[in-house]
Amino acid sequence: MRAHVTKKTLSEGLGLLERVIPSRSSNPLLTALKVEPSEAGLTLSGTNLEIDLSCFVPAEVQDPQSFVVPAHLFAQIVRNLGGELVELEITGNELSVRSGGSDFKLQTGDLEAYPPLSFPAHADVSLDAAELARAFSSVRYAASNEAFQAVFRGIKLEHRPDSARVVASDGYRVAIRDFPASGDGRNLIVPARSADELIRVLKDGEARFTYGEGLLSVTTDRVRMNLKLLDGEFPDYERVIPKDIKLQVTLPATALKEAVGRVAVLADKNANNRVEFLVSEGKLRLAAEGDYGRAQDTLDVTQGGPEPAMSLAFNARHVLDALGPIEGDAELLFSGSTSPAIFRASGGGGYMAVMVTLRV
């Protein structure tokens with residue numbers, strides 16, 4: 001087998017696989033990469049038993065022959081090659097990697113022992129890949145990193161008649177993004193770490209979903225993935241979304257991010273990075289206090305609602321996370337100083353963050 005492939009495209013494909021394939025494992029085969037050449041190019045695949053990933057790299061191939069090599073070592077060799085065109089050649093149990101004046105010899109692994117990876121040929125429903133990646137990216141920050149929180153470590157994907165919704169929560173905040181979708185899809189919970197890899201590989205075109213038992217397969221024009229899903233029932237997050245809005249504030253999201261970032265420098269790290277919000281007479285005053293002093297910042301806002309003034313407190317880090325996906329003006333909806341608050345983009349856009357307040 002001999003193949004010629006550009007360093008750039010091969011490095012990009014290996015970069016995707018490196019994120020999934022473990023660098024160390026009690027089973028050495030899981031640290032390996034399987035390469036399946038065809039006349040059209042190379043199919044690279046690997047697994048960590050939670051995610052199976054396969055991607056296609058265009059190449060010129062003669063006498064196709066599949067092989068297995070150490071994934072991270074192979075990727076490191078390719079990245080450090082000096083030339084722009086890479087030649088791969090299999091001789092017995094040895095892979096030659098050549099480019100420019102470089103020539104590496106790499107021992108191949110046991111192809112027969114490599115765990116079989118299969119991907120479905122049909123699709124149950126299709127979603128816009130870019131919209132799906134944007135939605136997952138918008139809410140990812142709210143998913144929990146705590147092992148004991150079970151389904152909170154995942155992102156829920158809900159299918160509706162003419163739209164889809166992704167939801168993440170750690171019990172203190174909820175992040176929601178709605179986006180256009182069609183088809184009869186299932187509701188499921190994707191582990192947050194698996195969603196990270198989906199965000200990385202989903203670009204343009206369609207993301208085709210195939211449902212299995214506790215498994216979701218996602219296929220694009222270049223990449224195929226099998227993801228293990230989380231079991232369990234996602235909590236009823238809609239009951240924490242406030243309905244009775246008493247005060248509404250609109251201001252540029254960037255200005256609010258910068259102001260919260262400034263005062264949070266002196267916020268007490270042992271008291272939930274507390275930043276106080278005081279809204280009154282078209283002004284939003286931000287204040288924080290810690291062991292080393294106090295900080296205050298005042299912003300002009302557009303104010304509405306039956307309440308003339310309100311004082312609330314939030315975790316500064318949570319506020320900055322919630323504002324991250326918002327471009328243009330942000331709309332802050334308050335129902336009371338001890339009730340959850342809504343942060344969303346003014347004029348819609350499908351994104352919304354709901355946060356609990358700290359005691360005033």
Side-chain angles (χ1 to χ4, degrees), residues 12-13 15-22 30 33-36 38 40-58 66 114-140 143 150-151 153-168 177-234:
E12 287 174 354
L16 295 178
L17 269 299
E18 272 190 299
R19 296 278 309 176
V20 171
I21 298 174
L30 293 182
L33 166 80
K34 186 177 183 181
V35 182
E36 298 172 280
S38 67
L42 308 173
T43 298
L44 315 176
S45 56
T47 183
N48 59 16
L49 302 183
E50 296 292 327
I51 304 173
D52 303 334
L53 176 62
S54 171
C55 74
F56 178 75
V57 175
S66 299
Y114 193 80
L117 304 180
S118 61
F119 300 91
H122 74 283
D124 294 319
V125 68
S126 294
L127 298 175
D128 183 277
E131 286 282 4
L132 182 61
R134 182 185 176 209
F136 274 127
S137 182
S138 296
V139 306
R140 170 62 176 93
V151 293
R153 294 184 293 111
I155 297 174
K156 185 180 184 185
L157 174 61
E158 299 178 358
H159 285 268
R160 301 182 175 204
D162 56 356
S163 67
R165 167 177 285 188
V166 291
V167 186
R177 166 79 78 173
D178 294 318
F179 60 100
S182 59
D184 186 18
R186 298 182 191 173
N187 294 344
L188 46 87
I189 304 174
V190 178
R193 290 185 179 180
S194 298
D196 290 340
E197 302 312 317
L198 269 177
I199 293 167
R200 198 175 305 278
V201 303
L202 293 177
K203 302 297 181 186
D204 299 324
E206 289 187 335
R208 298 178 286 278
F209 279 20
T210 306
Y211 302 107
E213 191 65 36
L215 188 74
L216 171 67
S217 297
V218 183
T219 306
T220 70
D221 292 340
R222 185 186 175 194
V223 173
R224 296 176 296 173
M225 297 180 75
N226 294 328
L227 310 173
K228 282 191 176 179
L229 301 174
L230 288 178
D231 292 326
E233 195 70 29
F234 204 83

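Between Met225 and Ile51 there is a side-chain heavy-atom pair separated by less than 4.5 Å. Counting heavy atoms from C-beta outward, Lys228 and Ser194 have side chains that stay 4.5 Å or more apart. No side-chain heavy atom of Thr47 sits less than 4.5 Å from a side-chain heavy atom of Val20. Proximity of Ser38 to Thr43: side-chain heavy atoms (C-beta onward) are nowhere separated by under 4.5 Å.
Each of Leu230, Leu227, Val166 was evaluated against Val190; a single residue qualifies, Leu227, per the side chain to side chain contact (heavy atoms under 4.5 Å, CB included) test. Put simply, the residue from Leu53, Leu16, Val57 that forms a side chain to side chain contact (heavy atoms under 4.5 Å, CB included) with Leu44 is Val57.
Between Asp52 atom CG and Ser217 atom OG the span is 8.0 Å, to the nearest 0.5 Å. Note that CG of Asp162 and OG of Ser182 are 9.0 Å apart. Values are rounded to the nearest 0.5 Å. Note that the CD atom of Glu213 and the CG atom of Leu229 stand 10.0 Å from one another [nearest 0.5 Å]. In this structure, the separation between CZ on Arg193 and CG on Leu198 is 15.5 Å, given to the nearest 0.5 Å.
Heavy atoms from other residues, nucleotides or ligands lying under 6.0 Å from CZ of Arg222 number more than 12. The number of heavy-atom neighbours closer than 6.0 Å to CZ of Arg165, taken from other residues, nucleotides and ligands shown, is above 12.
By the salt bridge (Lys or Arg N to Asp or Glu O under 4.0 Å) test, Glu131 pairs with no residue at all, sequence neighbours left out. Annotation: side chain to side chain donor-acceptor pair (under 3.5 Å) contacts of Asp128 (sequence neighbours excluded): none.
A donor-acceptor contact shorter than 3.5 Å is absent between the side chain of Asn226 and the backbone of Phe119. In this structure a side-chain-to-backbone donor-acceptor pair under 3.5 Å is present from Tyr211 to Arg186.
Considering every non-hydrogen atom in both Ile155 and Ala168, the closest pair reads CG1-CB, 4.1 Å.
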Validation: residues 201-210 side-chain donor-acceptor distances under 3.5 Å, sequence neighbours left out:
from, atom 1, to, atom 2, distance (Å)
Lys203, NZ, Arg200, O, 3.4
Arg208, NH2, Thr220, O, 3.3
Thr210, OG1, His122, O, 2.5

Residue pair Leu127, His159: steps toward the side chain to side chain contact (heavy atoms under 4.5 Å, CB included) verdict: CA-CA 10 Å; Leu127 298 175; His159 285 268; 3.9 Å; yes

